[in-house]
Protein chains: 2
Amino acid sequence: MELAEAKLKFIEAWGKLGSEWGINRTMAQVHALLMISPEALTTEEVMAELSISRGNANMTLRDLIDWGLVEKQHKTGERKEFFYAEKDVWTIARRVAEERKKRELTPIIKILDQLGAVEGDAKDPAYKTFKTTVTDINKLANNVNKTLDTMLKAEENWFFGSILKVFK
Amino acid sequence: MELAEAKLKFIEAWGKLGSEWGINRTMAQVHALLMISPEALTTEEVMAELSISRGNANMTLRDLIDWGLVEKQHKTGERKEFFYAEKDVWTIARRVAEERKKRELTPIIKILDQLGAVEGDAKDPAYKTFKTTVTDINKLANNVNKTLDTMLKAEENWFFGSILKVFK
DNA sequence: CTTTATTTTCATTTTTTTTTGAAAGTTTAA
DNA sequence: TTAAACTTTCAAAAAAAAATGAAAATAAAG
């Protein structure tokens, strides 16, 4: 396969995967494009490569910066801004985990805590089932939370090395 | 908080979480409703509780069955079908992991394998960056794959018990 | 069979999400 | 200053996703 073709396929696949996980397809595609670019790109280049509008490129790049996956660079003599993507996959995975934890896990745990305080008749099956389900989900969420905390502090090696042996 | 209010909040929160993770909001809500129902519900009941159409309820319930999260039940003397949700959170987590692995992880690994075979000049930075990025993502994906395999075979205890101590 | 209850399908409509592009805003350099 | 280069915003348009509902299909009962 040619590089040009492979690039297109990678961008397409990454975009699809992103959209399956609730991430805007274009954002995932811009991320893919920058990940495989050795050099930082300008907004113009991103627009041209992916055939997207200026507004879209700008907003998407800002979102990627908010996710900690892309950084703005300035080149001396150049007036334009350049965008460069983090390329270490372990760092990428950690940043994504960190953001989703903050944006989604923490809020849902807060709600589950509130719902755990529901009042009702201990003999009512509807009450019992509700309470048990919410409590169990809360426990699981807290375990995921703790595991992520550990993971976020850990070294790359944690995942690529020893961890797997523990479960053999 | 009253049970009725708590139920609504739970259904709403579960629907929101689902949509953030690429799962149709209504599907997540139907799942939430069934998880907190001690008894299996009919299509009619699901329609009424969530104010959704028959077609929507039917398709959503079928999807939940495909995900292995809900089962159809038949009651003697009753002609209607009843729907009952798995309530063990560890089983739910496993089923979801299993399905997403099959639907998303396996396909992307296949593509990454193909892209790893890209031909090019070993001195071209564009080629090098592409190759490195794709290879690294492939390695990570394979590690996630292996970890999931282990997890899927493991006991509930794996997650709720010992595992966390390993990382202390 | 025939009727009736129930489930499924899918073309159409509605809603939600994403994208566009032009105007407004900002920064830099002369 | 002023003007050109560049970035950001956001109302409107387009596209994508989800929901509706009535007709078709299926299944059970008489």
Side-chain angles (χ1 to χ4, degrees), chain A residues 11-34 39-67 70-84 103-104, chain B residues 11-34 40-67 70-84 100 103-104:
Chain A
I11 290 167
E12 191 194 319
W14 204 244
K16 186 170 174 240
L17 187 69
S19 68
E20 286 166 343
W21 284 80
I23 287 150
N24 179 313
R25 170 179 259 96
T26 300
M27 178 167 149
Q29 289 182 334
V30 171
H31 184 222
L33 173 64
L34 292 178
E39 304 290 335
L41 302 183
T42 62
T43 302
E44 304 281 339
E45 287 169 322
V46 171
M47 287 165 62
E49 289 276 347
L50 303 176
S51 312
I52 61 173
S53 70
R54 184 173 302 283
N56 197 2
N58 182 272
M59 287 177 125
T60 299
L61 286 165
R62 193 213 293 144
D63 283 350
L64 284 167
I65 290 169
D66 290 344
W67 276 77
V70 166
E71 61 170 33
K72 237 183 228 185
Q73 288 184 346
H74 293 276
K75 294 195 183 172
T76 42
E78 290 272 18
R79 196 152 153 185
K80 280 182 279 203
E81 293 175 332
F82 291 77
F83 298 92
Y84 185 81
R103 296 178 192 205
E104 292 143 18
Chain B
I11 290 167
E12 191 195 318
W14 204 244
K16 186 172 175 239
L17 188 69
S19 68
E20 287 166 342
W21 284 80
I23 287 148
N24 179 314
R25 169 179 261 96
T26 300
M27 178 168 151
Q29 289 182 334
V30 172
H31 184 223
L33 173 65
L34 291 177
L41 302 184
T42 62
T43 301
E44 304 282 339
E45 287 169 322
V46 171
M47 288 165 63
E49 289 276 347
L50 303 176
S51 311
I52 60 173
S53 71
R54 184 174 302 284
N56 195 4
N58 183 272
M59 288 179 124
T60 297
L61 286 165
R62 193 213 293 143
D63 283 348
L64 284 167
I65 291 168
D66 291 344
W67 276 77
V70 165
E71 61 171 33
K72 238 183 227 186
Q73 289 184 346
H74 293 276
K75 294 196 182 173
T76 43
E78 290 271 20
R79 199 155 151 182
K80 280 181 280 203
E81 293 173 332
F82 291 77
F83 299 91
Y84 184 81
R100 299 207 85 148
R103 296 178 191 205
E104 292 143 18

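Below, read A as the first sequence line, B as the second, and so on, with proteins coming before strands; counting in each chain starts at 1.
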Novice: Salt bridge between A:Lys16 and A:Glu20, side-chain N to carboxylate O under 4.0 Å?
Specialist: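 Answer for the salt bridge query: yes.
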
Novice: Rounded to the Å, how far apart are B:Leu64 CG and D:dA18 C1'?
Specialist: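 The answer, rounded to whole Å, is 15 Å.
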
Novice: Output the rounded distance in Å from NZ (A:Lys16) to P (C:dT18).
Specialist: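 It is 17 Å, rounded to the nearest whole Å.
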
Novice: Is the NZ or CZ atom of B:Arg100 positioned over B:Trp67's six-membered ring, under 6.0 angstrom from the centre and within 45° of the axis?
Specialist: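 No, B:Arg100 and B:Trp67 do not form such a contact.
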
Novice: If the test is side chain to side chain contact (heavy atoms under 4.5 Å, CB included), which one of B:Leu64, B:Thr60, B:Ile65, B:Asp66 qualifies with B:Arg62?
Specialist: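 Considering B:Leu64, B:Thr60, B:Ile65, B:Asp66, a side chain to side chain contact (heavy atoms under 4.5 Å, CB included) with B:Arg62 is found only for B:Asp66.
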
Novice: Quick one: is C:dT8 close enough that its OP1 or OP2 comes under 4.0 Å of any side-chain N or O from B:Lys72?
Specialist: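 For C:dT8, OP1 or OP2 has a side-chain N or O of B:Lys72 closer than 4.0 Å.
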
Novice: Could you tell me the separation between the CZ atom of B:Arg25 and the P atom of D:dA19, rounded to a whole number of Å?
Specialist: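 It works out to 9 Å between those atoms.
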
Novice: Specify the residue among A:Arg54 and A:Ser19 whose closest nucleotide of DNA chain D lies further upstream toward the 5′ end.
Specialist: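 Going by which nucleotide is closer to the 5' end, it is A:Arg54.
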
Novice: Classify the side chain of A:Arg79 versus the base of C:dT27 as yes if they form a donor-acceptor pair under 3.5 Å and no if they do not.
Specialist: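 Present.
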
Novice: Pairing of DNA chain D as dot-bracket, 5' to 3': ( ) intra-strand, [ ] crossing, | other strand, . unpaired, with Watson-Crick or G-U pairs under 3.5 Å?
Specialist: ||||||||||||||||||||||||||||||

Novice: Counting only side-chain heavy atoms from C-beta out, which of C:dT8, D:dT9, C:dT20 sits nearest to A:Ser53?
Specialist: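 Out of C:dT8, D:dT9, C:dT20, the nucleotide with an atom closest to A:Ser53's side chain is C:dT20.
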
Novice: Using a cut-off of 4.0 Å on non-hydrogen atoms, how would the nucleic acid contact of B:Asn58 be classed: base, sugar-phosphate, or nothing?
Specialist: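 The residue B:Asn58 makes base contact.
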
Novice: Counting only side-chain heavy atoms from C-beta out, which of C:dT9, D:dA19, C:dT7 sits nearest to B:Glu81?
Specialist: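 In terms of side-chain proximity for B:Glu81, the closest of C:dT9, D:dA19, C:dT7 is C:dT7.
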
Novice: Determine whether more than 12 heavy atoms belonging to other residues, nucleotides or ligands lie under 6.0 Å from atom CD of B:Glu71.
Specialist: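 Yes, because the 6.0 Å sphere around CD of B:Glu71 holds more than 12 heavy atoms from other groups.
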
Novice: Without decimals, in angstroms, what is the distance between A:Glu20 CD and D:dA16 C1'?
Specialist: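 Between C1' of D:dA16 and CD of A:Glu20: 15 Å.
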
Novice: Of A:Gly22 and B:Thr43, whose nearest nucleotide on DNA chain C comes first from the 5' end?
Specialist: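 This one resolves to B:Thr43.
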
Novice: Check the distance between D:dT7's P and A:Gln73's CD and give it to me in whole angstrom.
Specialist: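 Between P of D:dT7 and CD of A:Gln73: 14 Å.
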
Novice: Picking from D:dT7, D:dA18, C:dC10, which would you name as closest to the side chain of B:Met59?
Specialist: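 Looking only at side-chain atoms, B:Met59 lies closest to C:dC10.
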
Novice: Please check if atom CD in A:Glu104 has more than 12 non-hydrogen atoms from other residues, nucleotides or ligands closer than 6.0 Å.
Specialist: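 Enclosed.
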
Novice: Please tell me which of the listed nucleotides, D:dT7, D:dA19, C:dT20, lies nearest to the side chain of A:Asn56?
Specialist: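 Looking only at heavy atoms from C-beta outward on A:Asn56, the closest nucleotide is C:dT20.
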
Novice: Which of these nucleotides, C:dT20, C:dT18, D:dT7, is closest to any side-chain atom of A:Ile52?
Specialist: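 For A:Ile52, the side-chain atoms sit closest to C:dT20.
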
Novice: To the nearest Å, give me how far apart NZ (B:Lys80) and C1' (C:dT8) are.
Specialist: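 These atoms are roughly 17 Å apart.
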
Novice: Among A:Leu61, A:Asn56, A:Ile11, A:Leu41, which one satisfies side chain to side chain contact (heavy atoms under 4.5 Å, CB included) with A:Val30?
Specialist: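 Between A:Val30 and the candidates, side chain to side chain contact (heavy atoms under 4.5 Å, CB included) is satisfied uniquely by A:Leu61.
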
Novice: Is the charged tip of A:Lys72 near the ring of A:Phe83: under 6.0 Å from the six-membered ring centre and within 45° of its axis?
Specialist: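 Checked: cation-pi criterion not met.
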
Novice: Would you kindly give the NE2-to-C1' distance between B:His74 and C:dT7, to the nearest whole Å?
Specialist: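 For the pair B:His74 NE2 and C:dT7 C1', the rounded distance is 11 Å.
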
Novice: How do A:Gly77 and A:Asn24 order along DNA chain C: which one's closest nucleotide is nearer the 5' end?
Specialist: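 Its nearest nucleotide lies further toward 5', so the answer is A:Asn24.
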
Novice: Check step by step if salt bridge (charged side-chain N to carboxylate O under 4.0 Å, His left out) holds for A:Glu44 and A:Arg54.
Specialist: CA-CA 8 Å; A:Glu44 304 281 339; A:Arg54 184 173 302 283; 3.0 Å; yes

Novice: When the distance from CZ of A:Arg62 to P of D:dC6 is rounded to whole Å, what number comes out?
Specialist: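 The answer, rounded to whole Å, is 20 Å.
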
